[in-house]
There are 2 protein chains.
Amino acid sequence: MPKLVDHAARRRELAAAVWRVIARDGVAEVSIRAVAAESGWSSGALRHYFATRGELLAFACEQVTERATARIRDLDPPGPPRAQVRAVLLEVMPLDTERRIEASISFAFLALGLGDPALARVQRQQHAALYELCRSLAAQLGAGGEAVARRLHALVDGLSLQIMAGHLSPEAAVAELDAYLAELAG
Amino acid sequence: MPKLVDHAARRRELAAAVWRVIARDGVAEVSIRAVAAESGWSSGALRHYFATRGELLAFACEQVTERATARIRDLDPPGPPRAQVRAVLLEVMPLDTERRIEASISFAFLALGLGDPALARVQRQQHAALYELCRSLAAQLGAGGEAVARRLHALVDGLSLQIMAGHLSPEAAVAELDAYLAELAG
DNA sequence: CCGATTATGGCACGACTGTGTTATCAAGGA
DNA sequence: TCCTTGATAACACAGTCGTGCCATAATCGG
């Protein structure tokens with residue numbers, strides 16, 4: 001038997017290189033060669049794990065969702081329900097550098113997905129996952145059913161968008177979120 | 001004097017070609033040659049009105065904001081204040097094909113702006129314009145000051161984002177908006 | 001009619017792209 | 001030790017990209 005490589009792990013490693021390129025140079029600069037250089041492998045080696053550039057991009061986008069959901073699953077915030085909900089939502093929004101990079105990747109894929117049905121599918125899954133989270137959080141709050149979940153989802157998405165657009169500071173976004181949660185409680 | 005061309009009009013004409021390319025093929029397909037072919041001019045002619053590709057993109061993005069604000073300025077919806085506010089907001093959200101194209105262009109530029117400071121500036125202006133609109137609408141409603149404006153802005157952005165992501169139908173988004181406006185009135 | 005000036009089209013350059021193909025390398029079973 | 005087989009690197013290929021350059025066409029004051 002020749003040298004054996006953990007394909008799944010290698011694919012994740014290459015996806016991480018894609019993220020770094022996007023975070024540093026923007027999504028327009030993502031090419032096979034750029035990712036190869038960033039990862040330290042050759043472009044030929046890349047082709048062993050991803051047949052095309054589109055496949056590489058789609059996997060990198062899926063990984064963003066997967067990592068975020070795993071992070072939230074492992075999260076076990078203390079305190080009363082409202083504080084727990086707040087903690088989880090803060091974990092989703094682009095408030096610090098790491099999550100900002102994640103969000104910029106998501107937005108980049110949204111733009112790409114507008115012209116590429118395969119990427120659009122991945123993008124829809126990402127949004128569905130966030131909605132599911134909002135739904136479970138709304139249930140945790142006790143107050144209201146799907147109406148609250150939808151409102152919360154739209155609010156979180158809107159605030160995230162405005163942070164990324166440079167229109168809202170992270171602090172202001174958190175204040176907005178707190179105001180809404182306070183209304184829900186009152 | 002040689003043949004004189006209205007530069008501003010020609011630039012607007014070329015920007016419209018950029019929009020068509022984005023709407024049809026996605027933002028990744030925007031190139032000097034593609035826009036030249038779409039507009040019917042040669043790439044050399046394009047260079048007379050835009051020195052670089054970035055300049056062309058920035059102008060095309062600015063034009064989106066300009067057209068939208070002009071459309072809203074000329075709008076004079078009938079009925080009570082709440083219906084007027086509703087009509088204006090419906091004009092902003094990507095509910096039909098035309099506005100969907102506008103929104104996809106805006107999102108594309110948001111993604112591009114994440115890696116290009118010049119485009120980021122244009123993007124911020126766009127968001128500021130929408131916020132100003134929300135502020136004036138909130139004042140028109142009489143109820144509440146900047147807090148309502150910020151909430152409304154976040155909600156409209158979030159709903160628009162979810163429509164574009166394919167997660168929300170236009171009808172559902174309108175229902176969400178109506179629910180919020182009803183809460184404001186009650 | 002002429003020349004000054006602007007608009008325009010066409011082309012060449014170098015760099016970059018995605019995608020194949022091919023050769024080399026490494027590692028473990030026979 | 002050899003040989004099979006997967007992993008990897010290197011390269012070739014045909015395109016496309018942005019951009020600068022130059023010749024030509026069009027136009028109007030003189």
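Residue numbers start from 1 in every chain, and the chains themselves are labelled A, B, ... in the order their sequence lines are given, proteins ahead of strands.
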Parallel, tilted or perpendicular for A/His153 and B/His167, by the 30°/60° rule?
perpendicular

Going by number, which of residues 13-21 of chain B have a non-hydrogen atom under 4.0 Å from DNA chain D?
none

I'd like to know if A/Glu146 and A/Arg151 make a salt bridge, using a cut-off of under 4.0 Å between side-chain N and carboxylate O.
no

Nearest-angstrom distance from the residue atom CG of B/Asp6 to P of C/dT6
16 Å

The nucleotide from D/dA7, C/dT19, D/dG18 with an atom nearest the side chain of A/Arg47 is C/dT19

Could you tell me whether the side chains of B/Trp19 and B/Glu102 share a donor-acceptor contact shorter than 3.5 Å?
no

Is there a side-chain polar atom (N or O) of A/His7 under 4.0 Å from OP1 or OP2 of D/dG6?
no

Is a salt bridge present between B/Glu98 and B/Arg67, judged by a nitrogen-to-oxygen distance below 4.0 Å?
yes

Rounded to whole Å, CG of B/Leu46 lies from P of C/dG10 at a distance of 13 Å

Would you call B/Arg24 and B/Glu29 a salt bridge, using N to O less than 4.0 angstrom?
no

Side chain of B/Ser31, heavy atoms from C-beta onward: which of D/dG18, C/dG18, D/dA7 has the nearest atom to it?
D/dG18

Nearest-Å distance, CZ (B/Arg53) to C1' (D/dG20)?
18 Å

Any donor-acceptor N or O pair under 3.5 Å, side chains A/Gln126, A/Ser106
yes

Going 5' to 3' through nucleotides 9-14 of chain D and flagging B where a protein heavy-atom sits under 4.0 Å of the base, S where only the sugar-phosphate is that close, and - otherwise, we get BB-B--

Residue pairs, two or more places apart or on separate chains, that pass ring-ring contact (aromatic ring centres under 6.0 Å, His included) and touch residues 57-83 of chain B:
B/Phe50-B/Phe59

Rounded to the nearest Å, what distance is computed from the CZ atom of residue A/Arg11 to the C1' atom of nucleotide D/dA7?
16 Å

Tell me whether A/Glu38 at atom CD has more than 12 heavy atoms from other residues, nucleotides or ligands lying less than 6.0 Å away.
yes

Assign A/Phe50 to base, sugar-phosphate, or nothing according to its heavy-atom contacts below 4.0 angstrom with the strands shown.
nothing

Answer yes or no: is there a side-chain heavy-atom contact under 4.5 Å between B/Val35 and B/Arg53?
no

Measure CD1/A/Ile32 against P/C/dT17 and give the value in whole Å, please.
10 Å

Whole angstroms only, please: what is the CG-C1' distance between A/Leu57 and C/dG18?
12 Å

